Amino acid sequence: MNNKQIVKVLEDIADFLELKGENVFKIRAYQKAARSIEQSSVELEQLVNEDRLKEVSGVGEAIAKKITELVTTGKLEYFEKLKAEFPPGISTLLEIPGIGPKTAMLLSNELGINSIEELEKAILEGKVAQLPRMGEKTAENILRHLQAVRHKDQRIPLGDAVNVVDGIFTRLRVIPGVKNLTPAGSLRRFKETVGDIDLIGTADNAETVIDSFVSLPMVREVLARGLTKASVIVTRGLQVDLRIVEHEAFGSLLQHFTGSKQHNIDLRERARRQGLSLSEYGITDIDTGKMETFLSEVAFYKRLGLQYIPPEIREGTDEIEKAAHGTIPRLVEISDIKGELHVHSDWSDGRDTIESMVTEAKDHGYEYICISDHSVGRGIARGLNHERLEQQIQEINRIKQRIDGIQILTGMEVDIRADGSLDMPDEILERLDIVTASIHSGMEQTQEKITARIIKALENPNIDILAHPTGRLMPKREAMDIDMEAVFQTALRTGTVLEINAMPDRLDLKDTYIYRARQLGVALVINTDSHTTEHLSLIRFGVGTARRGWCEAKDILNTRPLHEIMKYIKSKGRQR
DNA sequence: GCCGTTTTCGGCCCGACTGTTTTCAGTCG
């Protein structure tokens with residue numbers, strides 16, 4: 001049983017306990033444990049074997065026992081019994097926004113409703129509105145949400161969300177009196193997908209900003225609208241929340257709305273022990289009732305005796321404890337990146353010429369760039385065969401004469417075939433500066449096969465980098481089924497570099513894998529895999545993801561000057 | 001159910017909005 005499945009069971013337990021009306025703190029304990037496991041970079045099965053489950057924050061005696069039962073037997077008796085107490089399907093009602101445990105139980109008990117379809121029918125027949133504490137308006141709202149859930153494409157990739165925000169911001173910025181307009185929430189934390197978009201700002205008069213916001217042309221529907229806060233639905237069923245406070249409270253507002261939820265709960269619990277109460281408006285002394293406001297997040301954290309915590313690692317793991325001890329590292333920044341080792345040109349499936357890619361990289365302030373077009377196996381991408389690669393090497397040599405101020409490397413993204421062999425002979429690869437390998441086909445193989453295939457490629461001394469290691473494409477293609485721990489161990493042994501692919505629909509390696517790889521000391525590189533000149537600026541998504549994995553500059557190969565990279569790559573110390 | 005530079009027992013984040021209410025419950029983030 002993997003982490004994802006365990007998380008699901010814990011979440012379901014929390015749902016059923018809610019329906020049952022159990023102690024809210026017990027429910028919260030299950031939810032906290034689930035969130036915590038979701039963030040974990042280690043498979044719990046491993047921890048069970050080593051009897052280290054209770055090292056996971058939020059996992060105590062009782063939950064550890066339940067996880068152990070799940071892992072060893074594949075089932076949990078407590079859960080099965082709990083589930084049996086309710087009509088099947090009732091928990092699906094909780095997926096509809098606006099329906100909580102009380103409403104779900106009411107619908108089930110009074111009207112026998114246990115599915116979304118039954119609910120819709122009952123609303124249309126006017127039965128729901130007649131229930132106690134319901135009414136026409138509530139029934140109508142539930143119906144609306146129910147239909148929205150059906151059409152909404154769940155969480156959207158980070159890159160898409162950023163585009164939506166850009167569209168909204170261009171229009172909101174022109175509203176008079178609005179300041180500090182900033183995306184917060186999971187977007188600011190660079191989470192790979194976002195469920196909704198949180199925007200915040202400050203204003204002299206919040207109400208006028210809210211008014212303008214709800215009447216923006218892209219707004220399809222207004223869900224809620226108060227004096228300082230509004231929620232709307234824009235294209236693709238995406239929910240956007242805007243919250244406005246007064247200028248002097250911006251620091252605490254930004255902190256509050258950035259989350260994560262678990263980070264804020266942990267932070268507030270800690271503050272409470274210090275006799276302080278936190279809110280989006282500021283920090284209140286519980287005894288005196290006096291509130292301080294904060295212009296910046298740095299000041300806010302400082303008041304709590306904490307080092308500043310970057311948004312990307314505010315996930316409620318152990319960041320607050322580290323901040324209290326002053327041991328939050330300086331995470332890698334975009335300005336640390338000195339070059340790019342994986343870009344394509346119009347020689348294969350890229351749009352732009354080698355020369356324009358190089359010029360663009362130079363404009364980014366990069367010291368080096370490696371041209372790595374596809375190999376012949378990727379016929380659809382116009383992959384290069386021997387002769388064309390030979391011609392490309394000569395072309396790159398000519399460009400080197402014309403452009404100075406940036407070092408140009410010759411590379412290739414070689415296809416790892418279904419049997420783990422490469423579709424370019426070693427004697428050719430030996431001549432290239434940097435060779436990247438990746439899988440583009442046969443991604444449905446068994447875990448055993450794929451893992452063996454990747455390990456074989458990593459063991460080839462000519463392969464320097466493994467690109468987009470898990471092959472996922474959000475939202476449509478899942479990661480390949482790989483034993484990542486085995487891949488990390490092999491990369492460590494062979495010295496092969498693993499890529500953090502910055503393309504917003506890839507972000508591959510993902511954050512938790514990065515965390516684990518870094519912990520083990522695996523070499524990492526952040527590449528954009530650019531196919532156009534514009535793509536080079538997507539590096540920020542790769543850096544954000546690396547930061548979520550707690551990477552410092554020293555963990556990332558392309559923060560180093562080229563001669564150091566080449567020294568590493570060609571080093572004899574690597575045992576292959 | 002978890003957890004501890006005030007506690008191994010007694011606490012457990014905080015506020016906004018909506019709708020159906022005569023003062024608040026339910027839900028959300």
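Quantities reported herein were computed from a predicted structural model and do not represent experimental measurements. Here is how names work: the chains are called A, B, and so on, in the same order as the sequence lines, proteins then strands, and each is numbered from 1.
- A donor and an acceptor atom, one from each side chain of Arg150(A) and His145(A), are nowhere located under 3.5 Å apart.
- Taking for each of Thr228(A) and Lys26(A) the nucleotide of DNA chain B with the nearest heavy atom, the 5'-most of the two is the partner of Lys26(A).
- We find that CG of Asp198(A) is positioned 14 Å from C1' of dA16(B), with the value rounded to whole Å.
- The cationic atom of Arg303(A) (NZ for Lys, CZ for Arg) does not lie both less than 6.0 Å from the six-membered ring centre of Tyr301(A) and within 45° of the ring axis.
- Atom CD of Glu136(A) is surrounded by 12 or fewer heavy atoms from other residues, nucleotides or ligands within 6.0 Å.
- Residue Tyr281(A) has a polar side-chain atom (N or O) positioned under 4.0 Å from OP1 or OP2 of dA16(B).
- Separating the CZ atom of Phe25(A) from the P atom of dC14(B) is a distance of 11 Å, rounded to the nearest angstrom.
- In this view, Lys229(A) satisfies the salt bridge (Lys or Arg N to Asp or Glu O under 4.0 Å) rule with no residue, not counting sequence neighbours.
- For dC13(B), the OP1/OP2 oxygens have a side-chain nitrogen or oxygen of Arg28(A) closer than 4.0 Å.
- With sequence neighbours excluded, the residues forming a ring-ring contact (aromatic ring centres under 6.0 Å, His included) with Phe294(A) are Phe300(A), listed by chain and number.
- Heavy atoms from other residues, nucleotides or ligands lying under 6.0 Å from CZ of Arg171(A) number 12 at most.
- Rounded to whole angstrom, the span from the CG atom of Leu53(A) across to the P atom of dG1(B) amounts to 16 Å.
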Check the interface with nucleotides 3-10 of chain B: list each N/O to N/O pair with the protein under 3.5 Å, or write none.
residue, atom, partner, partner atom, Å
dC3(B), OP1, Gly58(A), N, 2.9

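- Each of Thr258(A), Asp198(A), Thr182(A) was scored for a side chain to side chain donor-acceptor pair (under 3.5 Å) with Arg188(A), with one residue passing: Thr258(A).
- For the P atom pair drawn from dT23(B) and dC28(B), the interatomic distance equals 25 Å after rounding to whole Å.
- Atom CZ of Arg243(A) is separated from atom P of dC14(B) by 15 Å (rounded to the nearest Å).
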Check your understanding: Quick one: what's the B/S/- string for nucleotides 18-26 of chain B, heavy-atom cutoff under 4.0 Å, read 5' to 3'?
Key -> SBS----SS

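- Taking atom CG on Leu253(A) and atom P on dG29(B), their separation rounds to 17 Å, with Å as the unit.
- For the pair Ile265(A) CD1 and dG15(B) P, the computed distance is 14 Å after rounding to whole Å.
- The partner of dT8(B) is absent, by the rule that a Watson-Crick or G-U pair needs both atom distances under 3.5 Å.
- No more than 12 heavy atoms of other residues, nucleotides or ligands lie within 6.0 Å of CD in Glu77(A), so this atom counts as exposed by the packing criterion.
- Between Ser277(A) and dC14(B) there is a side-chain N or O to OP1 or OP2 distance below 4.0 Å.
- Residue Ile63(A) has its side chain nearest to dC2(B) when only dG29(B), dG15(B), dC2(B) are considered.
- Listed by first and then second residue, the ring pair (Phe, Tyr, Trp, His ring centres under 6.0 Å) pairs involving residues 80-99 of chain A are Phe16(A)-Phe86(A) (not counting sequence neighbours).
- Against DNA chain B, the stretch residues 1-23 of chain A makes heavy-atom approaches under 4.0 Å through Asn23(A).
- When each of Tyr78(A) and Arg268(A) is assigned the nucleotide of DNA chain B with its nearest heavy atom, Tyr78(A) is the one assigned upstream, toward the 5' end.
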